[in-house]
Amino acid sequence: VSTQSTGTNVRLWNGTSAAVFSGHSLVVTAVVVTPDNTRILSGSRDNCINAWDIKTGKLLYSIAETRNLITAMKLIPNENILVQTSEDKRVRLWDTRNLQLVHVYPTKHYIQTCCDVDSTGTCIVTGSNGFNGSGCEVSLWDVRTKQLLGDLRGNEQGVNCVKFLSSSNGKTVLSGSKDSLVKLWDITKRECILDKRLAGMGSVTDLISYPDGSVMCSTTSGCVLLTLDDRNQITETICF
């Protein structure tokens, strides 16, 4: 298990002990591990993406991009490509083998806070900061054509997290926002098909989608498990 915290180090845990990877000068905001378990890629508010050799602990590459305060990173399945969002309102693609910049998508109007990639590796979803309905959108990007496919609007506050629903074959996306709202979007019709406000739980900070269709929602006040049945009815269970 790899983690980042409010510090500048990355930790790779093996039971109760952890290998520490040091090299960032500001807080680490995103960490991914390559599918072959040979490298850790980390992003930070210091504008840098670092690539580490897990076995030796050696820093292999460190790439700095001006104003690229990294907010989130995801790997594209079956490709040597890293997706990365930033406070400079951009979405970037990097080659994981050498950290060379592959593509920069058109700049949005608000900070891009989060990202996810569908299981086929053809579509990227990102979330936008904002307030009072300005910004606050979920955006879809084509990996192959390098184009913006469209924006999904309807949130009143900034989007903190996005996730392709595991059981939907890339057809639906979840979003969680600062106003305790979880939305389920049909990306073909480009519309919200279901929403659930987690009353009293605060801002939704992360989402985990399970193959059975259930979703774990992390919030500033705890975790909530949402279960969706065949009639699109939601059961809410506060876990802790």
Side-chain angles (χ1 to χ4, degrees), residues 30 32 71-79 81 83-85 91 93 105 108 110 112-130 133 135-199 201 203-219 223-239:
V32 296
T71 56
M73 302 192 311
K74 291 288 182 180
L75 294 170
I76 294 180
N78 305 314
E79 299 285 349
I81 299 294
V83 182
Q84 173 250 310
T85 53
V91 181
L93 302 181
Y105 286 96
K108 300 289 288 180
Y110 285 84
Q112 297 300 287
T113 57
C114 50
C115 62
D116 196 24
V117 184
D118 74 337
S119 59
T120 66
T122 59
C123 185
I124 299 166
V125 60
T126 64
S128 173
N129 199 4
C136 312
E137 72 261 15
V138 174
S139 300
L140 302 169
W141 312 84
D142 193 296
V143 174
R144 294 169 294 188
T145 65
K146 307 295 190 294
Q147 299 295 316
L148 174 65
L149 295 173
D151 296 319
L152 309 175
R153 295 185 173 91
N155 284 301
E156 289 299 314
Q157 299 299 324
V159 177
N160 289 331
C161 47
V162 288
K163 184 73 66 175
F164 279 96
L165 191 66
S166 297
S167 58
S168 72
N169 296 317
K171 296 179 180 179
T172 54
V173 166
L174 292 155
S175 66
S177 55
K178 292 181 179 179
D179 55 358
S180 308
L181 199 60
V182 177
K183 284 179 173 283
L184 183 64
W185 305 87
D186 184 317
I187 66 172
T188 302
K189 297 180 180 178
R190 307 288 170 84
E191 64 183 19
C192 178
I193 54 177
L194 199 63
D195 60 39
K196 176 68 176 178
R197 191 174 300 278
L198 306 181
M201 297 303 293
S203 180
V204 182
T205 57
D206 204 0
L207 298 164
I208 300 174
S209 176
Y210 298 108
D212 65 357
S214 61
V215 179
M216 183 65 75
C217 308
S218 173
T219 76
C223 291
V224 178
L225 182 68
L226 300 181
T227 304
L228 179 66
D229 64 23
D230 295 336
R231 298 174 296 169
N232 279 348
Q233 299 297 311
I234 294 179
T235 302
E236 176 183 339
T237 304
I238 297 177
C239 297

J.: Sub-3.5 Å donor-acceptor pair from the side chain of R197 to the main-chain atoms of D179, do we have one?
T.: yes
J.: So which heavy atom on P77 is nearest to which on G121, and how close?
T.: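 For P77 versus G121, the nearest heavy atoms are CD-CA, 3.9 Å.
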J.: Could you work out, with salt bridge (charged side-chain N to carboxylate O under 4.0 Å, His left out) as the rule, every residue matching R190, not counting sequence neighbours?
T.: none
J.: Would you compute the distance between atom CG of N129 and atom CD of Q157 and round it to the nearest 0.5 angstrom?
T.: 9.5 Å
J.: More than 12 heavy atoms of other residues, nucleotides or ligands under 6.0 Å from NZ of K146: yes or no?
T.: yes
J.: Which residue is it: S218, S177, S175, S203? I am looking for the one with a side chain to side chain donor-acceptor pair (under 3.5 Å) to N160.
T.: S203
J.: Do the non-hydrogen side-chain atoms of F164 and C123 ever get within less than 4.5 Å of each other?
T.: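 F164 vs C123: side chains touch.
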J.: Measuring only between side-chain heavy atoms, which start at C-beta, is L75 closer than 4.5 Å to I81?
T.: no
J.: Which heavy atom of M73 sits nearest a heavy atom of V32, and at what distance?
T.: O-CG1, 3.6 Å
J.: Check L226 against C217 and note the closest heavy-atom contact, atom names and distance.
T.: CD1-SG, 3.7 Å
J.: Tell me which pairs pass side chain to side chain donor-acceptor pair (under 3.5 Å) where either residue lies in residues 112-123, with sequence neighbours left out.
T.: Q112-T126, D118-T120, D118-T122, T120-T122
J.: Hey, are the side chains of V215 and V182 touching, using non-hydrogen atoms and a 4.5 Å cut-off?
T.: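 Side chain of V215 against side chain of V182, heavy atoms only: no contact under 4.5 Å found.
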J.: Using the side-chain contact (heavy atoms from CB on, under 4.5 Å) rule, pick out the option among I193, I187, T188 that qualifies with T172.
T.: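 Exactly one candidate clears the test, I193.
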J.: Nearest heavy-atom pair of V125 and V162: which atoms, and what distance?
T.: O-CG2, 3.7 Å
J.: Using 0.5 Å steps for rounding, measure from the OG1 atom of T71 to the CD atom of Q84.
T.: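 Result: 7.0 Å between the selected atoms.
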J.: Side-chain contact, heavy-atom cut-off 4.5 Å: V204 with V224?
T.: no
J.: Can you tell if the side chain of K108 reaches within under 4.5 Å of the side chain of S139, non-hydrogen atoms only?
T.: yes
J.: If I take atom CD1 from residue I208 and atom CG from residue L174, how far apart are they, to the nearest 0.5 angstrom?
T.: 12.0 Å
J.: Sequence neighbours excluded, which residues qualify as salt bridge (charged side-chain N to carboxylate O under 4.0 Å, His left out) partners of D142?
T.: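 In terms of salt bridge (charged side-chain N to carboxylate O under 4.0 Å, His left out), with neighbours along the sequence ignored, D142 is linked to no residue.
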J.: I need the L148 CG to I124 CD1 distance, nearest 0.5 Å.
T.: 11.0 Å
J.: Measure across Y105 and V143 and return the closest heavy-atom pair with its distance rounded to 0.1 Å.
T.: OH-CA, 3.6 Å
J.: Is there a donor in the side chain of N155 and an acceptor in the side chain of K178, or the other way round, less than 3.5 Å apart?
T.: no
J.: Please say whether more than 12 non-hydrogen atoms of neighbouring residues, nucleotides or ligands are located less than 6.0 Å from CG in N78.
T.: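 No, the 6.0 Å shell around CG holds no more than 12 heavy atoms from other groups.
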J.: Which pair of heavy atoms, one from S166 and one from S209, lies closest together, and at what distance?
T.: N-OG, 2.8 Å
J.: Only one of L207, V159, T85 forms a side-chain contact (heavy atoms from CB on, under 4.5 Å) with C114, so which one is it?
T.: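 Among the candidates, only V159 passes.
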J.: Under 4.5 Å between any side-chain heavy atoms of E156 and L181, yes or no?
T.: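 They are not in side-chain contact.
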